[in-house]
2 protein chains.
Amino acid sequence: MTKRAQNADADIGLNDMLCFAVYSANHAFNRVYRPLLNELGLTYPQYLVMVLLWEADGQRVGDLGARLSLESNTLTPLLKRLEALGHIGRVRDAADERQVRVTLTPQGAALREKARDIPRCILEASGLTLDDLVRLKTEIASVRDALERHASAQ
Amino acid sequence: MTKRAQNADADIGLNDMLCFAVYSANHAFNRVYRPLLNELGLTYPQYLVMVLLWEADGQRVGDLGARLSLESNTLTPLLKRLEALGHIGRVRDAADERQVRVTLTPQGAALREKARDIPRCILEASGLTLDDLVRLKTEIASVRDALERHASAQ
DNA sequence: CGTAATTAGATCGTACACGATGAAATCGTG
DNA sequence: CACGATTTCATCGTGTACGATCTAATTACG
């Protein structure tokens, strides 16, 4: 508020912007996750894919993309890296050769145990109660859905 | 909750994660901003830098980085692109040659007019009232600050 | 004063993210 | 059955992010 004096008109500043709060919170989450995920040898987007596969194994590239709002241009290289690390396999579906099924290797399934206490670490780092975290998550997801509806309607 | 049945144990899924709500909301903001910023020929991070310079011209690279939580490895190439576009100038400070001052060109200052109604478009797309947006922004910024305190304390 | 430590940016390599495009498989309709 | 449209994934180019390292300028202190 000291610096805003230089700014004679009514435009909003960076700290007034919801998008910047989200952008910088996303960066902050990454910085908290990084040391935890380094233990597993995963990046944050790779971890999200593993979480999805731990939920349900054998999903198609497109299924993963639908959940993450990512397309094959991002997912294909990421999945190839997870495959090179030995965590997943990628096989074309015999019934429809266009589709690629992503499956956990035993190593990828086992990694879940090492990741088990990450959510607790994150909850602790956030300084929130579990109830507040759930409430905030729901609010943010609701705004995200509104933005996505607006974006797909042009 | 239908698919969770496949998942016999108590691990959390993607939709339970606050970090994913933030991650995907950030993507959704980008998708809403993209067509608006295409009109200006800016990317979203470039727009954030311009917002900072419209707040206060002549900041150092490090000042911008402190506000955005970015370092010179990210900012230097980004600023060079803004310079190539003719929106800013980058000059070494005569009093301390280590520092680089970033200043708006007349063209960069004028771009502010074309950006003026972006915040209103975003507010509309979010589906929130201004009061709810401010409240949510404050909550998210508070979590971000808690995460950053946790990250810098290792 | 002189040199070690610190600071500010820049550079490099790796990994997302995404628009645009390509290629192969499948589907739909005549 | 045939052929154009659609679906699915892959590829390419550009632009963030970020750890690690480098260089030059300044500061600190003996």
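In what follows, every chain begins at residue 1, and chains take the letters A, B, ... in the order their sequences are listed. Scope of the values below: all heavy atoms of this structure, side chains included, with no hydrogens, waters or symmetry mates.
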Here the pair of heavy atoms bringing B:L68 nearest to A:L14 is CD2-CD2, 3.8 Å
Look at all strands and tell whether B:R81 reaches a base, only sugar-phosphate, or nothing, counting heavy atoms closer than 4.0 Å.
base
Between C:dG9 atom P and B:Q59 atom CD, what is the distance in whole Å?
11 Å
Does a sphere of radius 6.0 Å around CD in B:E113 hold more than 12 heavy atoms from other residues, nucleotides or ligands, not counting ones at 6.0 Å or beyond?
yes
Interatomic distance where CD belongs to B:E97 and C1' belongs to D:dT27 [whole Å]:
16 Å
Measure the distance from CG on B:N30 to C1' on C:dG19 and round it to the nearest whole Å.
13 Å
Go through C:dA15, D:dG15, D:dC18 for me and flag the one nearest to the A:Q46 side chain.
C:dA15
Distance, rounded to the nearest Å, where B:N38 contributes CG and D:dT14 contributes P:
16 Å
Could you tell me whether the phosphate oxygens of D:dC18, OP1 or OP2, come under 4.0 Å of any side-chain nitrogen or oxygen in A:Y33?
no
Integer-rounded Å distance: C:dA10 C1' and B:E83 CD
14 Å
Distance-only, no hydrogens or angles: does the A:E139 side chain make a donor-acceptor pair with backbone N or O of B:L136 under 3.5 Å?
no
Annotated protein contacts, base or backbone, on nucleotides 1-12 of chain D with a non-hydrogen cut-off under 4.0 Å, one of B, S, - each:
------BSBBBB
Could you check whether B:F29 and A:Y23 have their ring centres less than 6.0 Å apart?
no
Taking the side chain from A:R90 and the backbone from A:R101, do they hold a donor-acceptor pair closer than 3.5 Å?
no
Between B:L78 and B:A95, who's closer to the 5' end of DNA chain D by nearest nucleotide?
B:L78
Strictly below 4.0 Å: does B:Y44 bring a side-chain N or O up to OP1 or OP2 of D:dA17?
no
Taking all non-hydrogen atoms of both residues, which atom of A:L53 and which atom of A:G58 are closest, and how far apart?
CD2-N, 4.5 Å
A:L70 CG - C:dC18 C1' separation (whole Å):
10 Å
